[in-house]
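Report on the structure given below.
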2 protein chains.
Amino acid sequence: MASLSKADVDEQVASLLREKGHRYSNTRRMLVRVLLTAEKPLTNNQIVESHDSLAQSSVYRNLNVLEEVGAVTRIVTNNEFSRYELADGLTEHHHHIICTSCGDITDFSLPLTLEKSLNQSLRTAASKVRFTIDQHRFDGLGTCVACQ
Amino acid sequence: MASLSKADVDEQVASLLREKGHRYSNTRRMLVRVLLTAEKPLTNNQIVESHDSLAQSSVYRNLNVLEEVGAVTRIVTNNEFSRYELADGLTEHHHHIICTSCGDITDFSLPLTLEKSLNQSLRTAASKVRFTIDQHRFDGLGTCVACQ
DNA sequence: CGCAATAATGATAATCATTCTCATTTTTGA
DNA sequence: TCAAAAATGAGAATGATTATCATTATTGCG
């Protein structure tokens with residue numbers, strides 16, 4: 001789901017962090033690399049296990065920091081584990097098909113015209129109830145091959 | 001968000017429960033009544049506090065049962081509280097605008113044509129990765145008036 | 001009717017993903 | 001080179017949700 005090079009992503013993330021007084025530490029670089037390489041959103045544990053120099057508490061803490069500055073998006077489905085992916089702007093805008101049984105997630109995209117209509121409808125509805133919209137999500141919920 | 005009468009909903013829920021060997025107990029009737037009356041998805045605590053004869057553990061347990069039989073949908077946003085609403089089929093299909101700050105949720109609907117296009121795109125994508133789709137969700141994420 | 005058998009209840013204990021704490025280490029900028 | 005500020009990591013704490021289990025309600029059958 002990468003649309004920018006590793007270098008571009010690094011630069012963007014570094015700038016997002018610096019704007020809020022954070023540093024782009026080695027741990028954070030590692031998280032970004034893992035998420036950039038992954039072809040689907042990962043749980044904290046999946047990330048921790050991908051490198052043996054990552055402490056669980058640091059991964060949680062840093063994913064939160066990265067989420068705060070807008071570099072990472074957290075996906076919550078059921079009440080098991082959260083999953084994390086690089087935020088819109090660092091990857092191509094996309095949507096998810098989620099297995100409600102095992103939590104596995106696959107990415108997909110909508111035609112641009114559909115995406116635009118959706119945005120328009122959403123913004124109209126939001127203004128009526130005086131919400132400010134930051135992002136949207138469109139998820140298909142179902143069962144993956146392994147679980148059915 | 002009601003599209004059926006209380007009596008119709010009761011009948012549907014009773015049948016959904018019976019199909020799986022569950023009873024439509026007083027507690028469950030009460031939950032359905034509260035959700036049917038509510039104009040937005042409610043947290044467990046909001047439901048518990050709405051009647052003083054509802055035990056917290058029973059509400060959690062029964063919302064799970066109602067979710068299993070397809071009468072109630074659980075909405076998870078951040079990692080605070082889950083919220084619950086009557087499932088599609090018992091209410092009109094709709095979507096949510098969610099405040100990422102306080103968790104408050106407002107309902108809205110999409111034009112039918114858009115809804116159909118969405119479904120079609122989703123199903124096409126799902127079949128490629130061999131997922132079976134049960135439902136979809138389209139949520140706007142942002143900030144409500146109170147929180148901005 | 002009684003009367004098992006099965007399900008539901010509710011108070012409380014247990015679970016477990018996530019967050020917090022804090023002493024130590026690293027980085028920054030003057 | 002040196003404080004000040006930030007990050008780290010191991011372990012403790014938190015808190016929404018789930019599990020336990022003795023008690024109570026409901027069902028269906030003879």
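Reminder, nothing fancy here: chain letters follow the sequence lines and each chain counts from 1.
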Report yes if at least one side-chain N or O of [X] is closer than 4.0 Å to OP1 or OP2 of [N]; otherwise report no.
X        : N       : result
Asn44(A) : dT18(C) : no
Ser58(A) : dA7(D)  : no
Arg61(A) : dT8(D)  : yes
Ser25(A) : dT8(D)  : yes
Thr27(A) : dT8(D)  : yes
Asn64(B) : dT17(D) : no

Checklist entry - So, for Cys99(A) and Cys102(A), which heavy atoms are closest and what is the spacing to 0.1 Å? => result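 The answer is SG-N, 3.4 Å.
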Checklist entry - Taking all atoms of both residues into account, what is the closest heavy-atom pair of Pro41(B) and His96(B), and its distance? => result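 It is CG-NE2, 4.0 Å.
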Whole Å only: how far is the [atom1] atom of [X] from the [atom2] atom of [N]?
X        : N       : atom1 : atom2 : value
Ile47(B) : dG10(C) : CD1   : P     : 15 Å
Gln56(A) : dA7(D)  : CD    : P     : 20 Å
Leu63(B) : dA16(D) : CG    : C1'   : 14 Å
Arg18(A) : dT28(C) : CZ    : C1'   : 12 Å
Asn62(A) : dT27(C) : CG    : C1'   : 14 Å
Phe81(B) : dT18(D) : CZ    : C1'   : 16 Å
Leu54(A) : dA7(D)  : CG    : P     : 16 Å
Leu31(A) : dA7(D)  : CG    : C1'   : 12 Å

Item to check | Pairwise side-chain contact, Ile97(A) with Leu122(B), heavy-atom cut-off 4.5 Å (strictly under) | outcome: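 Yes, their side chains come closer than 4.5 Å.
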Item to check | First of Arg23(A) and Ala55(B) reached from the 5' end of DNA chain C, by closest nucleotide | outcome: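 So the residue in question is Ala55(B).
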Checklist entry - Toward the 5' end of DNA chain C, which comes first, Ser57(A) or Asn45(A), by nearest nucleotide? => result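 Its nearest nucleotide being more 5', the pick is Asn45(A).
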Checklist entry - Using a cut-off of 4.0 Å on non-hydrogen atoms, how would the nucleic acid contact of Tyr60(B) be classed: base, sugar-phosphate, or nothing? => result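 Result for Tyr60(B) = base.
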Next on the checklist: At 4.0 Å (heavy atoms only), tell me whether Arg74(A) reaches a base, stays on the sugar-phosphate, or touches nothing.
Outcome noted: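 Touches sugar-phosphate only.
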Checklist entry - Choosing from dT17(D), dT28(C), dT26(D), which nucleotide comes nearest the side chain of Ser82(B)? => result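 Side chain of Ser82(B) sits closest to dT17(D).
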Checklist entry - Within 45° of the ring axis of Tyr24(A) and under 6.0 Å from its six-membered ring centre, is that where the NZ or CZ of Arg18(A) lies? => result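 No, Arg18(A) and Tyr24(A) do not form such a contact.
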Checklist entry - Counting only heavy atoms not in Lys6(B), do more than 12 fall under 6.0 Å of its NZ? => result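 Yes - once you tally the heavy atoms of other residues, nucleotides and ligands closer than 6.0 Å, there are more than 12.
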